[in-house]
Amino acid sequence: MFKKIINKTDYILIFSDLFELFLKHDENKIILSLEEIIDFLIKKKKTIILPTFNLNFPKTKKTSFSPEFIQTGFANKYLIEKYDFKRTKKPMYNFAVLGPKYNSILKLKQSTAWGENSVIGHLVKKKSTAIGLNINKKTFDWHVIHHCEEMFKVPYRYYKIFSGRNLDLNSKVYEKMYVRDLKSNYIRDGSKLNNILIKKRRIKNFNYKIINISLLNLYDYYIEAEKLLRKNIYSLVKNEKKSWAIVNKKFS
C-alpha cells in the first residue's frame, strides 16, 4: 500500500509526533526506522519536505538555519543534519527540502505563510502525499487547515506581519500570516473534517516496525474542507466561550 500511494506523487511531506515512542522504545531503534523510511523515499526519487518551524520568532524576533531554532521535534533536527536537506528562508514557517525537485520548493514566493504560493499551497495543488509518523489521525490537521482558512478568507482571521532578523544571513526577514483574531473566541477544530476523511478512508494507516504511519493526499483534505466551508464558513473552528459554558453547565 505504501509503495502504491507514494508512486502517485513527486512530493512527500513528513510530519511526526514521536515523543511517546521515545518513552517506550530504544532511541537507536527509532532512528534506524526513520532512516529506512527516508532512504526508501530517496531511492524512489521523491522530493521530501520536513517542517522546521520556529514558533518563537514573533517573541524573540530571531531565527537562523541552526537546529536550535527548530521546534518541530528531534526527528526533524536529526534528519536535516544526517541528510543534505536545503532550507527555505521564511523565519517562522520554514521547511527543509531534499530530492530532485527541491528547487521548485525553494523558489516559491511564499507571499504568506499558508497562501496559494506557500509551501503547503504548492503541495496541495500538486496533490502531494503527507506521511504522519505516530500522529493522532483523529485530531491532526496536517497544516492544510490554515491554507483552507486563508483561501476562503474566514472572518475570524486577519493578516499580520512578523519581522525580525536572520542571524545566518545577517539581514532583516519577515513573514505575513493570516492569524486568528484572539477576540473572536474561535479556536481551531478540524475534528469534523478528520472524521469525514477517516470515514471515507482518505487517511490510510499501517505500522512499519515500531512506527505507526498515516498517509493522506493533501488535495483530498482541501476538497473535503472546501465542501464544509461552502456550507458554513465557521466549520473548522469551535467557539471557545460557548464550549466552556457547556462544560460549566454540565458540572454545575
Trainee: So, do Ile49 and Ile12 sit near enough that their side-chain heavy atoms are less than 4.5 Å apart?
Mentor: no

Trainee: State plainly whether the residues Lys126 and Asp10 are in salt-bridge range, i.e. N to O under 4.0 Å.
Mentor: no

Trainee: Tell me if a side-chain donor or acceptor on Glu175 pairs with a main-chain N or O of Lys90 at a distance below 3.5 Å.
Mentor: no

Trainee: Would you confirm whether Thr60, through its side chain, and Asn56, through its main-chain N or O, come within 3.5 Å as a donor-acceptor pair?
Mentor: yes

Trainee: Report yes or no: do Asp39 and Tyr83 form a side-chain donor-acceptor pair below 3.5 Å?
Mentor: yes

Trainee: With a 6.0 Å cut-off on ring centres, are Phe140 and Phe15 close enough?
Mentor: yes

Trainee: Can you confirm whether Tyr174 is buried at OH, in the sense that more than 12 heavy atoms of other residues, nucleotides or ligands lie under 6.0 Å from that atom?
Mentor: no

Trainee: Is the cationic atom of Lys127 (NZ for Lys, CZ for Arg) positioned less than 6.0 Å from the six-membered ring centroid of Tyr219 and within 45 degrees of its normal?
Mentor: yes

Trainee: Can you name the side-chain contact (heavy atoms from CB on, under 4.5 Å) partners of Arg157, sequence neighbours left out?
Mentor: His146, Glu149, Val154, Tyr178, Arg180

Trainee: Checking Thr72 side chain against Pro51 main chain: does a donor-acceptor pair fall under 3.5 Å?
Mentor: yes

Trainee: Compute whether any side-chain donor of one residue and acceptor of the other, for Arg87 and Asn94, lie under 3.5 angstrom apart.
Mentor: yes

Trainee: In this structure, is the centre-to-centre distance between the rings of His143 and Phe53 below 6.0 Å?
Mentor: yes

Trainee: Any side-chain to backbone donor/acceptor pair from Ser64 onto Ser66? Under 3.5 Å, distance only.
Mentor: yes

Trainee: Do Asn117 and Ser111 pair up side chain to side chain, a donor and an acceptor below 3.5 Å, judged on atom types alone?
Mentor: yes

Trainee: Who passes side-chain contact (heavy atoms from CB on, under 4.5 Å) against Lys125, sequence neighbours left out?
Mentor: Glu116

Trainee: May I ask you to decide if Thr9's main-chain N or O and Lys46's side chain share a donor-acceptor pair within less than 3.5 Å?
Mentor: yes

Trainee: Side chain to side chain donor-acceptor pair (under 3.5 Å), that's the test. Do Tyr221 and Glu226 meet it? Break it down for me.
Mentor: CA-CA 9 Å; Tyr221 188 103; Glu226 180 181 38; over 6 Å; no

Trainee: Taking Ser33 for its side chain and Lys29 for its backbone only, find out whether a donor-acceptor pair lies under 3.5 Å.
Mentor: yes

Trainee: Which heavy atom of Leu123 sits nearest a heavy atom of Tyr11, and at what distance?
Mentor: CD2-CB, 3.6 Å

Trainee: Side chain of Asn194, backbone of Lys138: donor and acceptor closer than 3.5 Å?
Mentor: yes

Trainee: Could you tell me whether the side chain of Lys61 reaches within less than 4.5 Å of the side chain of Arg165, counting heavy atoms only?
Mentor: no

Trainee: Return yes if a side-chain donor-acceptor contact under 3.5 Å exists between Asn166 and Thr63, otherwise no.
Mentor: no

Trainee: Are side-chain heavy atoms of Thr88 and Leu108 found at a separation under 4.5 Å?
Mentor: no

Trainee: Here's a test for you: under side-chain hydrogen bond (donor to acceptor under 3.5 Å, both in side chains), which of Asp17, Asn136, Asn205 qualifies with Asn212?
Mentor: Asn205

Trainee: Under 3.5 Å, is there a donor-acceptor pair between the side chain of Lys153 and the main chain of Glu150?
Mentor: yes

Trainee: With a 4.5 Å heavy-atom cut-off, do Ile42 and Leu98 have their side chains touching?
Mentor: yes

Trainee: Less than 4.0 Å between a side-chain N and a carboxylate O, is that true for Lys77 and Glu68?
Mentor: no

Trainee: Side chains of Thr47 and Val97: closer than 4.5 Å at any heavy-atom pair?
Mentor: yes

